[in-house]
Amino acid sequence: MQADDLISEHFRLAPVQVKALEKLRLESVRDLLYYFPARYGQVLPEKKITELLVGDQVTIYAQVVQAKVSKAWKKKIPMGEVMLEDQTGRIKAVWFHQPYLAKKVAPAHFARVSGKVAERKLARHSGGGEKYLANPEIESVSGLGNHETLFADENDAEINYLLPVYPETRGISSLWLHHAVKKVLKNNLQENLTDYLPAEIIRKYNLPKLATALVWIHSPRTESDSLAARKRFAFEEIFFIQLTRLRAKLNYQEQGAFVIKAEQKNLDEFITRFPFPLTGAQSKAIKQITEDFTKSAPMTRLLEGDVGSGKTAVAAVTALGAVLAGGEVAYMAPTEILAKQHFESFISYFRHLPRVQIGLITGAGCYKFPSKINPNGYTNISRTQLLKWVANGEIPILIGTHALIQKAVKFKKLAYVIIDEQHRFGVMQRAKLVRKNNETHSSTTTSAMAPHLLSMTATPIPRTLALTIYGDLDLTLLDELPAGRKQVKTEIVSEAERNKAYAHIKQELESGRQAFVICPRIDEPDPSKELALQTKSAKAEARRLQEKVFPDFTIGLVHSKLKPRNKEEVMSDFASGKIDILVSTSVVEVGVNVPNATIIIIEGAERFGLAQLHQLRGRVLRSSHQAHCYLFTSKASGQENARLKALEKAKNGFELAELDLKLRGSGSLASGKQWGLSDLGMEAIKNIKMVEAARLEAQNLLKTDPELKNHKIIKEKLAEQKSEIHFE
């Protein structure tokens, strides 16, 4: 057996299992070894059915004789029943509230069943009872008795004290994966695998070697074995992500950049025209960016700040510095609405400098400021004309969507790239924009220079995650709100308190304010689905609010199924005050700036992630008026309510990110799929010491061997690694 052998070469697979392995992305034997358990359960003693006693926690191997779904004996709740039989007798397995489990193993098939033996009393005066297995775990196996399972040839007498539980899918159970991995380990394949983690790091941090770690993570004797193995693989993942990020940064900075020396007096004069004073955090951010501009290596910086913290103002000031030094600026936003919003914001900042022309390019059209007809406004121009003026440097600031990265867009001297909500763009889209100078000068003798890069995000990210995912970016935080801004008052509202909240909202509307109402879905749910009945739809809620709750106010509706033109028309009417209440899905999460909107209702708040809730709440943090966020929920307790309370208490996104990491783990802020992290890697970011240690070791290695000439094995690993990087 070799690591690169296909699983099908060593295991008899049914067609449904082949499909299941494809779904789990398990192709080779190596893939099996690196498919780690999600958790561990206790191995229960095995008994025959006639040996079972009430109160026993046991495992039995039996054949499914009959399976059915019914109602519970007294309370008439959904219940699944399976009749099990071995060589000694019969017993029922019963699942309350989970009737579907009765169909997990079909009649005539064999099963491994683990759980507690309970007793149901029979007739009132009979004095007897019927034993059954209450809510047990059930897995399909191929034969009756442990020695007759799928791996009968193993003659396995080994006892595991902790039973690994693997993520499974239809056709492949955790038990099948457990036995399959054990078979691979028995062939000692782990001994022949290359350990990519440097030996000196393994010794320094007392980590198990690869072969040992693979045995411990799949077949731990003790909890400490499993923890040591998970620590090793978590450290390894973070270490190689850091190496990937830091090497990408070194490669990017080798290109050289335009040295921008911005005159401070020009920036100060520009800032004095703002209708608000800069916060200390904004001033610090501008200083850090302009200092980076003076270096010959291109800046790579992430600006993280809550909605309303003033990221656009920082972008405008630093863009001026680049333009005055003779460079061009590209500002990319994820949506047309947001791109146009930034375009209009820049116009308000640059209106007194008409010689600084600003362009906007999106799929909907092209615009230029200032207009010859109206020097204080902008005009619609042809794409051909806009591209011509950008190419010769007449329009030094170009704002747009992904239209910016089209081949037709060429710059004369692109010195500064700003990417807003950068995580919404793919790595190739970002890379294309920062390589625009290469496209422009590829056919000339002029050497291409890399633009300085500022990425911006309003998504709250824990510090450990930021250090891991954005290891190639220097981090700047905008952790202050502009003067006069008040914290949004956030309140969890139960069904019983709904009318009280409506009364307050009506008062705000009567005083001239506006409101958002966010719903989890667009259309009304399928009434045949029990859980869906509690989910409000935007369409139905808009009708209900108009007819029964707020009949005296104008209500608009916007969602992702609307045509872009219709969506923009509704948003424009809301921004201008023609619409009092905007009912929407989370499509308004990014890109809506309506200062007069001071109220947001979020229906089914427990169905949204915390980062998304925080973004939505930020929609009403655009003015000095007191804003309110109502979290309408049908759940009054439990873990979901604890999450909402964290949102209620957190003062800003940074505090919320750390609170949520402690409360529920990183998955609610950003999924592992989004960031390219495994579940194990996402666990690791809870440990700041581990993240910092992995980062330090990656930095030290690259300082002494930036080309990895003395670490060929690591270089091979990085070449194979599919983890997303910021620059290619």
Side-chain angles (χ1 to χ4, degrees), residues 1-41 98 100-101 103-106 109-112 114 137-142 149-151 154 160 162-187 189-190 192-193 196 210 213-220 226 229-230 232-234 236-238 240-241 665-668 670-684 717 720-724:
M1 185 182 291
Q2 302 296 322
D4 294 327
D5 289 352
L6 296 176
I7 296 173
S8 57
E9 293 177 21
H10 298 280
F11 299 94
R12 297 189 302 273
L13 301 174
V16 68
Q17 291 176 313
V18 173
K19 289 183 179 179
L21 289 172
E22 288 176 357
K23 185 176 180 180
L24 295 175
R25 296 184 179 180
L26 299 179
E27 181 179 339
S28 69
V29 173
R30 186 195 306 272
D31 294 337
L32 268 180
L33 279 179
Y34 280 91
Y35 192 70
F36 298 149
R39 59 185 176 86
Y40 301 90
Q98 302 175 90
Y100 59 90
L101 288 174
K103 299 178 181 179
K104 193 170 182 180
V105 180
H109 287 70
F110 296 95
R112 174 186 182 274
S114 298
E137 292 184 3
I138 183 169
E139 305 279 357
S140 176
V141 296
S142 63
T149 63
L150 179 62
F151 304 95
E154 292 185 22
N160 289 312
L162 291 175
L163 180 69
V165 180
Y166 296 88
E168 56 186 22
T169 189
R170 183 178 179 275
I172 291 291
S173 69
S174 175
L175 184 65
W176 189 96
L177 290 163
H178 168 54
H179 284 297
V181 172
K182 282 183 70 176
K183 185 173 183 178
V184 175
L185 292 175
K186 284 203 169 214
N187 279 273
L189 181 63
Q190 66 276 12
N192 302 322
L193 297 179
Y196 293 102
L210 176 62
L214 284 170
V215 173
W216 284 0
I217 202 164
H218 289 294
S219 300
S226 66
R230 296 179 81 83
R232 180 243 149 80
F233 288 116
E236 181 178 352
E237 181 171 349
I238 301 301
F240 279 103
I241 288 176
S666 54
S668 58
S671 70
K673 289 181 181 178
Q674 178 181 346
W675 303 114
L677 281 170
S678 70
D679 291 341
L680 203 57
M682 294 302 280
E683 281 181 29
K717 168 75 172 176
E720 295 173 1
Q721 191 161 292
K722 297 178 181 179
S723 179
E724 181 188 290

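In this chain, residues are counted from 1 in sequence order.
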Participant: What distance do Lys19 atom NZ and Leu24 atom CG have between them, rounded to the nearest 0.5 Å?
Facilitator: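 Result: 14.5 Å between the selected atoms.
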Participant: Rounded to the nearest 0.5 Å, what separation is found between the NZ atom of Lys23 and the OG1 atom of Thr169?
Facilitator: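 Here the rounded value is 3.5 Å.
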Participant: Output the distance between atom CG (Leu210) and atom CZ (Phe233), rounded to the nearest 0.5 Å.
Facilitator: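 Reported value, rounded in 0.5 Å steps: 5.5 Å.
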Participant: Gln190: which residues meet the side chain to side chain contact (heavy atoms under 4.5 Å, CB included) condition with it, sequence neighbours left out?
Facilitator: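 Gln190 satisfies side chain to side chain contact (heavy atoms under 4.5 Å, CB included) with Leu185, Asn188, Ala211, Leu214, Val215 once adjacent residues are dropped.
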Participant: Excluding sequence neighbours, so at least two apart, what forms side-chain hydrogen bond (donor to acceptor under 3.5 Å, both in side chains) with Ser28?
Facilitator: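 Ser28: side-chain hydrogen bond (donor to acceptor under 3.5 Å, both in side chains) contacts with Asp31.
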Participant: List the steps and the verdict of side-chain contact (heavy atoms from CB on, under 4.5 Å) for Tyr40 and Ile217.
Facilitator: CA-CA 10 Å; Tyr40 301 90; Ile217 202 164; 3.5 Å; yes
Participant: Do you know the tightest heavy-atom contact between Ala213 and Ala229?
Facilitator: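 Shortest heavy-atom separation between Ala213 and Ala229 comes out as O-CB, 3.4 Å.
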Participant: Tell me every residue that passes side-chain hydrogen bond (donor to acceptor under 3.5 Å, both in side chains) with Tyr166, counting only those two or more places apart in sequence or in another chain.
Facilitator: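 So Tyr166 forms a side-chain hydrogen bond (donor to acceptor under 3.5 Å, both in side chains) with His218.
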Participant: Does Tyr196 have any ring pair (Phe, Tyr, Trp, His ring centres under 6.0 Å) partners at least two apart in sequence or in another chain, and if so, which?
Facilitator: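 Counting only residues at least two positions away or on another chain, Tyr196 forms no ring pair (Phe, Tyr, Trp, His ring centres under 6.0 Å).
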Participant: Tell me, please, which residues at least two apart from His10 pass side-chain hydrogen bond (donor to acceptor under 3.5 Å, both in side chains).
Facilitator: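 In terms of side-chain hydrogen bond (donor to acceptor under 3.5 Å, both in side chains), with neighbours along the sequence ignored, His10 is linked to Asp5.
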Participant: On a heavy-atom basis, which atom in Pro164 and which in His178 lie closest, and how many Å separate them?
Facilitator: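 Closest heavy-atom pair between Pro164 and His178: CG-ND1, 3.3 Å.
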Participant: With sequence neighbours left out, what residues match Ala14 under side chain to side chain contact (heavy atoms under 4.5 Å, CB included)?
Facilitator: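 Ala14 satisfies side chain to side chain contact (heavy atoms under 4.5 Å, CB included) with Val16, Gln17 once adjacent residues are dropped.
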Participant: Under the criterion side-chain contact (heavy atoms from CB on, under 4.5 Å), I'd like the reasoning laid out for Leu177 against Leu32: C-alpha separation, chi angles, the key distance, then a yes or no.
Facilitator: CA-CA 8 Å; Leu177 290 163; Leu32 268 180; 4.0 Å; yes
Participant: In Å and rounded to the nearest 0.5 Å, what is the NE2 to CD distance from His179 to Glu139?
Facilitator: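 Going from the NE2 atom of His179 to the CD atom of Glu139 covers 9.5 Å.
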Participant: For side-chain contact (heavy atoms from CB on, under 4.5 Å), just list the numbers for Tyr35 and Leu21, CA-CA rounded to whole Å, side-chain angles, deciding distance to a tenth of an Å, and then say yes or no.
Facilitator: CA-CA 11 Å; Tyr35 192 70; Leu21 289 172; over 6 Å; no
Participant: Say you draw a straight line from NZ of Lys186 to OG of Ser219; how long is it, rounded to the nearest 0.5 Å?
Facilitator: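 One gets 9.5 Å once the value is rounded to the nearest 0.5 Å.
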Participant: Within a strict 4.5 Å, meaning less than it, do heavy atoms of the Phe11 and Lys183 side chains meet?
Facilitator: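 Yes, close enough: below the 4.5 Å cut-off.
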Participant: Would you check, one step at a time, whether the test side-chain contact (heavy atoms from CB on, under 4.5 Å) holds for Leu33 with Leu193?
Facilitator: CA-CA 10 Å; Leu33 279 179; Leu193 297 179; 3.8 Å; yes
Participant: Check whether Glu137 reaches the backbone of Ser114 with its side chain - one donor and one acceptor, N or O, closer than 3.5 Å.
Facilitator: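 Between the backbone of Ser114 and the side chain of Glu137 there is no qualifying donor-acceptor contact (under 3.5 Å).
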